[in-house]
Q: 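Can you read through this structure? Questions will come right after.
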Amino acid sequence: MQSAIVSTVVDIVNDLFGIQETHVDLQETRKEFKGDLTLVVFPYLRASKKSPEATASAIGDALVERHQDVIGYNVVKGFLNIVLSDHPVQVAFDQMTLDPNWGIQPLNDHLPAAMVEYSSPNTNKPLHLGHIRNNLLGYSVAQLIKATGKPVVQVQIINDRGVHICKSMVAWKRFAEGETPEHTGIKGDHLVGKYYVRFDQQLKAEVKDLVAAGVAEDEAVKSAPCMIEVQQMLKDWEAGDPATLALWTKMNTWVYEGFNTTYSRLGVQFDKNYYESDTYLLGKQDIESGLGKGIFYRREDGSVWIDLTAEGLDEKLVLRQDGTSVYMTQDIGTAIQRFKDFKLDSLTYVVGNEQDYHFKVLFLILKRLGYTWADKLSHLSYGMVDLPSGRMKSREGTVVDADDLLDEMENAAKTVSEELGKVEGLSEKERTTLYTTIGHGALKYFILKVDPKKRMVFNPEESIDFNGNTGPFLQYTHARICSILKKAKYLKDWTWDHVTLSSKEREVIKLLAKFPSTVQHAAQEQNPSEVASYLYDLAKSYNGFYQVHSVINAETPHIAAFRASLSTQVAGVLSRGLLLLGIEAPKQM
RNA sequence: GGUCCCGUAGCUCAGCUGGAUAGAGCAUCUGCCUUCUAAGCAGACGGUCGCGCGUUCGAAUCGCGCCGGGAUCACCA
């Protein structure tokens, strides 16, 4: 809608003031002023040698004369507000009605894929609020990229081995008396988490005894019987001891069943899971070959390092002196593996900002190793989720469990829906689905509307609010439109000859027209919050229209049919946009 | 201590590459349902954009210095 005007303005400025601009910046006119587009003329004063007002008027006059869509202008100080005719708005509207999936690019399977890694849990405890932000961001970013036409591979790396899971295993062996999810009815990941906590208690008790017997605190932690058992179990696991492996498999299977339940509730899914038990040895080869090329160096004690001080970072260990790998080592190996597994155009790690340094180093090392794709790696670094009381602390039991939270959201949706009497005529099953849709919509929107980079505060009470700038508000706007459209099915025929746009209608169409570029930009920035605020603006604007215009009882059948069509577009954009955030838009609520 | 991130209304957040009197929601107060769902709409109240310099015709936005908060700098993951 703007591009044609921009080039005309460029020509005018150049002709009038004898300069050679290649681009001018037109912005949308702020609501309190009349007009559609605004040119700030201050940059041209030097060339025009006139006052801001005179400069603006000169450009405005020329624009009215040269561009048929410009029907007027006004000048406020150095701001030229350009008034457009309805024509470009009508053209924009016609265009979006042609494509039922307008704003979403069709998938092009021939393009190399974008890989998005997210979630990536440990298998010793259930998912919590922090994982929820991670999952929602990862999933949404994947949908955004997909909406630009690029195939996406969603993956997670599951930290299924190591000390942490041995702790749960030791405690289970000692105290569980054979408890299983089946006969306790406890969800698998919660059951394993229970024994992880149990281990911690046991360790504390044993350490306390040792300290009382005169052992130093840090020594006591290492020599506590349960800790010795963990170390032994880790060795057994690495040696492939069948009994240990059997227990490990059994408990991890419980956890995965639990995780899958939560993932499915959240509506996220993965195309491939990487397991650390498979990948933890990866990378060592790459270090060895890099050692040959002089990228790494070996110290006298045998440990291997890389010197990143030239880039303002530190020296970083990549192999221990006993030759075993560290976290960095396997991340190097896993990245390389992934580019072998898939034809990838990019790889995005959705990981909290406490690992900023780690990824800086990782990307740098891969670049030093000479991988051309190293600059296609990105770290979607998001801020921590705090509670009003401060940071979540597992030791203080302030961690918000993911399953509990989803339950609460569903219950809150149920309470509110029933109070408002919104569920009449729905079957029991439909009601349950609706509560889930609304409850989850509220949670997802609450989290995704915030810029990922920023640390955010999660207030359980406020997230349950369904009024104002919330997911249910957007869902409600959608549902209300659906309700109108159901009654307005017969309204089809209209033409622009019989419809004049009201200011509200114009505003809605102008907003609708921004949907594709909003999606594009959000995908590029890997920022779902841009879509969230856009959808809020759209819903707000549509509700303003709804308040003053009737669709069904419009002045003429043509206008009614046009408004039905306009409403259809809004509902479509809302529902497609919400889907990018992993939120469903109900037809009734 | 080094490096990085953050600081906008009582609270939670928007403010794209610098542009007009800094915007929403919640909370508080006022109106609007015999008319397409009031989970809505309209309005009021509320801000030295952490502080101070500087660059600029113009700074919440860019630069520097402070103050306050957080993260990170492990032969941990």
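Source: prediction; values computed, not measured. Below, chain A is the first sequence line, B the second, and so on; all start at residue 1.
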Q: On a whole-Å scale, what distance lies between the P atoms belonging to B:A24 and B:G46?
A: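 It works out to 15 Å between them.
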Q: State, without any angle test, whether A:D465 and A:T470 hold a side-chain donor-acceptor pair at a distance under 3.5 Å.
A: no
Q: What distance, rounded to whole Å, do you find between the two P atoms, one in B:U55 and one in B:C16?
A: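 Pairwise P distance, B:U55 against B:C16, rounds to 24 Å.
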Q: Base, backbone or nothing for each nucleotide of nucleotides 37-43 of chain B, written B, S, -, heavy atoms under 4.0 angstrom, 5' to 3'?
A: BSBBSS-
Q: Ignoring hydrogens and angles, state whether a donor on the side chain of A:E507 or A:S541 is under 3.5 Å from an acceptor on the partner side chain.
A: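 Yes, because at least one side-chain N or O of A:E507 sits under 3.5 Å from a partner of the opposite role on A:S541.
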Q: For the residue pair A:H521 and A:E530, confirm or rule out a side-chain donor-acceptor distance under 3.5 Å.
A: yes
Q: What is the separation between atom CD1 on A:I559 and atom C1' on B:C36, rounded to the nearest whole Å?
A: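 In whole Å, B:C36 C1' and A:I559 CD1 are 16 Å from each other.
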Q: Give a yes or no on this: more than 12 heavy atoms of other residues, nucleotides or ligands lie within 6.0 Å of atom CD of A:E276.
A: yes
Q: Identify, residue by residue, the members of residues 517-533 of chain A with a heavy atom below 4.0 Å from RNA chain B, and return them in order of residue number, or none.
A: none
Q: Side chains of A:S567 and A:Y542: is there a donor and an acceptor less than 3.5 Å apart?
A: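 Yes, side-chain donor-acceptor contact under 3.5 Å.
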Q: So, do A:Y275 and A:W248 have ring centers that fall under 6.0 Å from each other?
A: no
Q: Taking the basic N atoms (NZ, or NE/NH1/NH2) and the acidic carboxylate oxygens, is any pair closer than 4.0 Å for A:E410 and A:K414?
A: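 Not counted as a salt bridge, because no side-chain N and carboxylate O are separated by less than 4.0 Å.
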Q: Determine, for A:Y382 and A:R133, whether the Lys NZ or Arg CZ falls below 6.0 Å from the six-membered ring centre while staying within 45 degrees of the axis.
A: no
Q: Would you call the rings of A:F446 and A:F458 parallel, tilted or perpendicular, where under 30° means parallel and over 60° means perpendicular?
A: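 If you compare the ring of A:F446 with that of A:F458, the planes turn out perpendicular.
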Q: Would you kindly give the NZ-to-C1' distance between A:K316 and B:C73, to the nearest whole Å?
A: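 The distance from NZ of A:K316 to C1' of B:C73 comes to 8 Å, rounded to the nearest Å.
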Q: Grab the CD1-C1' distance between A:I464 and B:G25 for me, whole Å please.
A: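 Roughly 17 Å, once rounded to whole Å.
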Q: Taking the C1' atom of each, how far is B:G58 from B:G18, in whole Å?
A: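 Roughly 8 Å separates the two C1' atoms.
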Q: Over how many whole Å does the gap from A:F359 atom CZ to B:A71 atom P extend?
A: 18 Å
Q: I'd like to compare against my own output: the B/S/- annotation of nucleotides 2-11 of chain B with a strict under-4.0 Å heavy-atom distance to protein.
A: -----S---S
Q: What is the separation between atom NZ on A:K449 and atom P on B:G15, rounded to the nearest whole Å?
A: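 From A:K449 NZ to B:G15 P: 13 Å.
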Q: What is the minimum heavy-atom distance between A:I228 and A:K222, and which atoms define it?
A: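 Shortest heavy-atom separation between A:I228 and A:K222 comes out as CD1-O, 4.0 Å.
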Q: What's the CZ-C1' distance between A:R46 and B:U56, to the nearest Å?
A: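 Going from A:R46 (CZ) to B:U56 (C1'), I get 11 Å.
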Q: What's the gap between B:U61 and B:G50 when it is taken at their P atoms, as a whole Å value?
A: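 My reading of the P atoms in B:U61 and B:G50 gives 8 Å.
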Q: Taking the P atom of each, how far is B:U17 from B:C5, in whole Å?
A: 15 Å
Q: Can you check the distance between B:C4 and B:G63, where both ends of the measurement are the P atom (answer in whole Å)?
A: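 To the nearest whole Å, 12 Å.
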Q: When rounded to the nearest Å, what value does the distance between P atoms of B:C13 and B:C45 take?
A: 26 Å
Q: Does A:R299 qualify as a cation-pi partner of A:W305, given the criterion of NZ or CZ under 6.0 Å from the six-membered ring centre and within 45 degrees of its axis?
A: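 Yes, a cation-pi geometry holds between A:R299 and A:W305.
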Q: Given side-chain contact (heavy atoms from CB on, under 4.5 Å), test A:I82 with A:L80 step by step and report yes or no.
A: CA-CA 6 Å; A:I82 301 162; A:L80 170 65; 4.2 Å; yes
Q: Give the rounded distance in Å between these two atoms: CD of A:E28 and P of B:G15.
A: 14 Å
Q: Can you tell me, in whole Å, how much space there is between the P of B:A44 and that of B:A38?
A: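 Roughly 23 Å separates the two P atoms.
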